[in-house]
Amino acid sequence: QVQLVESGGGLVQPGGSLRLSCAASGFTFSRYRMSWYRQAPGKERDMVATITDDGGSANYADSVKGRFTISRDNARNTVSLQMNSLKAEDTAVYYCNAVAPLAWGREWYYWGQGTQVTVSS
């Protein structure tokens, strides 16, 4: 049973910081690409940041580059998202995602339950 559990969400002021964590279990964490996505009301779920299985490379959405940092600890089966200089536009439910590589170049996405991040004065 693959399980992804996010934590660390909450209410912060614009310009503030927040650190999200995702605890993974039920699969070989070190073999999976991990990502953070977010979804605001009425919008699609969009990728925020992604990191390779060994943590050697990371990519970010343009909207968060320079402000967010994704990291992983394969020994602890965790992936984190450090969010700095938060803006109101960052308000969303943030989801932890694991990308399972399948045969024939296909992939399967697993999702956590999400954690709410609200940036407001």
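The structure displayed is predicted, hence computed values, not measured ones.
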Are [Y] and [X] linked, directly or through intermediate hydrophobic residues, by side-chain heavy-atom contacts shorter than 4.5 Å (ILVMFWY only)?
X	Y	value
Tyr37	Val79	no
Met47	Leu4	no
Val93	Val64	no
Leu11	Leu18	no

Residues forming a side chain to side chain contact (heavy atoms under 4.5 Å, CB included) with Asp54, sequence neighbours excluded: Thr52
Pairwise distance CE(Met83) to CG(Leu20) - rounded to 0.5 angstrom: 3.5 Å
Value rounded to 0.5 Å, distance of OG in Ser120 from CG in Leu86: 12.0 Å
Side-chain H-bond candidate by donor/acceptor type, Thr78 with Asp73, under 3.5 Å: no
Exercise: do Gln39 and Glu44 side chains pair donor with acceptor under 3.5 Å: no
Mind listing the closest non-hydrogen atom pair of [X] and [Y] along with its distance?
X	Y	value
Ala92	Tyr94	O-CD1, 3.4 Å
Glu6	Gly114	OE1-N, 2.9 Å
Thr91	Ala40	O-CB, 3.8 Å
Trp108	Leu102	CB-CD1, 3.7 Å
Ser85	Arg67	O-NH1, 3.0 Å
Val5	Gln113	CA-OE1, 3.6 Å

Check residues 27-35 and write down every donor-acceptor pair under 3.5 Å in which the side-chain atom is one partner and the other belongs to a residue at least two apart or another chain.
residue	atom	partner	partner atom	Å
Arg33	NH1	Thr50	OG1	3.0
Ser35	OG	Thr50	OG1	2.7

Expected output: side-chain Asn74 to main-chain Asp53 donor-acceptor under 3.5 Å: yes
pair Arg38-Ser63: side-chain heavy atoms closer than 4.5 Å: yes
Heavy-atom side-chain proximity of Ser80 to Arg72 below 4.5 angstrom: no
Ring centroid separation Phe68 to Trp36 under 6.0 Å: no
Salt-bridge present (Lys87, Asp90; N to O < 4.0 Å): no
Listed partners of Thr118 passing side chain to side chain donor-acceptor pair (under 3.5 Å), at least two apart: Gln116
Cation-aromatic face contact Arg45/Tyr95, 6.0 Å, 45 degrees: yes
